[in-house]
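Have a look at the structure below before the remarks.
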Amino acid sequence: MTETFSNGLLIEAEGIAKQLGLRDVLIDATLAVYAGEVVTLIGPNGAGKSTLIRILLGLLKPDSGWVNRRPGLSIGYLPQRFQVDPALPLTVERFLAMAGSSTARIAEVLDDVGLINYARKQVQSLSGGELQRVLLARAMVRRPDLLVLDEPLQGVDVAGQAELYHLIGEVRRGLGAGVILVSHDLHLVMAESDRVVCLNHHICCAGRPEAVSRDPQYLALFGPAVAVYTHNHDHDHDQSGEVIPGADGDAKESSHG
């Protein structure tokens with residue numbers, strides 16, 4: 001272990017390797033997440049992103065390498081795929097209560113994700129964007145130290161993607177939690193991220209969003225066509241992503257990668 005947990009470190013993985021069948025899915029992968037930051041894990045389909053997440057969560061054992069979690073670390077998880085039996089009557093409130101929380105806390109998290117009036121709605125009746133918000137609320141409901149969000153924009157229409165991604169940043173600031181965000185939506189991946197880790201079975205590059213966007217290995221994978229925007233916010237990190245008007249009046253400047 002290269003860090004101590006007294007400096008805000010929540011979880012750390014070093015030298016992670018995993019083979020599935022005869023295929024090397026992960027080779028010497030390394031990741032660390034601190035309280036209050038969003039670390040975005042990007043990479044092409046099949047790059048090993050979800051496998052690394054499962055190893056971090058303790059759902060899968062690496063073939064080599066190690067994972068250390070802060071003692072008592074609580075984790076909220078939004079899975080990549082979630083389906084509810086259409087024949088099963090399940091309200092949003094009941095679904096969130098199954099995570100072990102009070103009615104008052106459920107109302108609080110639904111308000112946080114903009115669904116305060118959705119408690120009595122059937123989960124099966126929700127749109128893709130509404131369902132992802134409910135899943136985010138479920139991940140938040142027990143006030144976790146670390147949020148792990150695996151492709152949270154999946155099933156969300158283009159109009160709702162920037163809004164949901166911005167909401168994730170607001171949630172991070174409200175909880176003070178660390179966030180691991182998995183995505184391959186390159187036009188939004190820089191927004192609200194403090195650090196970006198580019199994975200293609202191994203770590204290709206990692207760092208601040210604007211630095212990664214100029215890295216030759218990133219450009220070799222994704223090309224230079226993605227527009228990158230930077231701005232300052234109250235977390236004292238340079239940010240990059242789609243411009244989302246905010247109420248804080250922070251100045252924003254744009255540049256193209």
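For reference, positions follow the sequence shown, starting with 1.
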Checklist entry - Run the side-chain contact (heavy atoms from CB on, under 4.5 Å) check on Phe95 and Val134 step by step: do they pass? => result CA-CA 9 Å; Phe95 176 62; Val134 168; 3.7 Å; yes

Checklist entry - When clusters are formed by joining ILVMFWY residues with side-chain heavy atoms under 4.5 Å apart, either directly or through shared neighbours, do Ile116 and Val141 land in the same one? => result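 No, it is not one cluster - the side chains of Ile116 and Val141 are not joined through contacts under 4.5 Å.
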
Item to check | Same cluster (ILVMFWY, side-chain, under 4.5 Å), Ile27 and Leu41 | outcome: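 Unlinked, Ile27 and Leu41 end up in two clusters.
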
Taking the side chain as everything from C-beta on, heavy atoms only, tell me whether [X] gets closer than 4.5 Å to [Y].
| X | Y | value |
| --- | --- | --- |
| Leu9 | Arg70 | no |
| Leu56 | Ile75 | no |
| Arg69 | Leu10 | no |
| Pro152 | Leu181 | yes |
| Ile203 | Val197 | yes |
| Val182 | Ile53 | yes |
| Trp66 | Glu12 | yes |
| Leu221 | Cys204 | yes |

For [X] and [Y], work out which heavy atoms get closest and say how close.
| X | Y | answer |
| --- | --- | --- |
| Ser74 | Pro144 | OG-CA, 3.3 Å |
| Pro62 | Ile55 | CD-CG2, 4.0 Å |
| Ala206 | Val212 | C-CG2, 3.6 Å |
| Arg195 | Val33 | NH2-CA, 4.0 Å |
| Gly36 | Asp194 | O-OD2, 4.0 Å |
| Arg172 | Glu37 | NH1-CA, 3.7 Å |

Item to check | Met140/Val113 under side-chain contact (heavy atoms from CB on, under 4.5 Å): CA gap, chis, key distance, verdict | outcome: CA-CA 10 Å; Met140 295 165 49; Val113 300; 4.0 Å; yes

If I take atom [atom1] from residue [X] and atom [atom2] from residue [Y], how far apart are they, to the nearest 0.5 angstrom?
| X | Y | atom1 | atom2 | answer |
| --- | --- | --- | --- | --- |
| Lys49 | Cys198 | NZ | SG | 9.5 Å |
| Leu20 | Leu60 | CG | CG | 6.5 Å |
| Leu136 | Leu131 | CG | CG | 11.0 Å |
| Asp215 | Tyr218 | CG | OH | 10.5 Å |
| Ile16 | Thr30 | CD1 | OG1 | 7.5 Å |
| Asn200 | Leu26 | CG | CG | 10.5 Å |

Checklist entry - So Asp150 and Tyr77, side-chain contact (heavy atoms from CB on, under 4.5 Å) or not? Walk me through it. => result CA-CA 8 Å; Asp150 194 353; Tyr77 177 48; 4.2 Å; yes

Checklist outcome for this item: The single option from Val123, Val109, Leu135 that satisfies side-chain contact (heavy atoms from CB on, under 4.5 Å) with Leu96 is Val109

Next on the checklist: So, applying salt bridge (charged side-chain N to carboxylate O under 4.0 Å, His left out) with Lys18, which one of Asp63, Asp24, Asp28 is it?
Outcome noted: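 Between Lys18 and the candidates, salt bridge (charged side-chain N to carboxylate O under 4.0 Å, His left out) is satisfied uniquely by Asp63.
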
Checklist entry - side-chain contact (heavy atoms from CB on, under 4.5 Å) between Lys121 and Leu126: does it pass, once the steps are laid out? => result CA-CA 8 Å; Lys121 281 185 174 287; Leu126 301 176; 4.3 Å; yes

Item to check | Side-chain ion pair, Arg133 and Glu130, N-O less than 4.0 Å | outcome: no

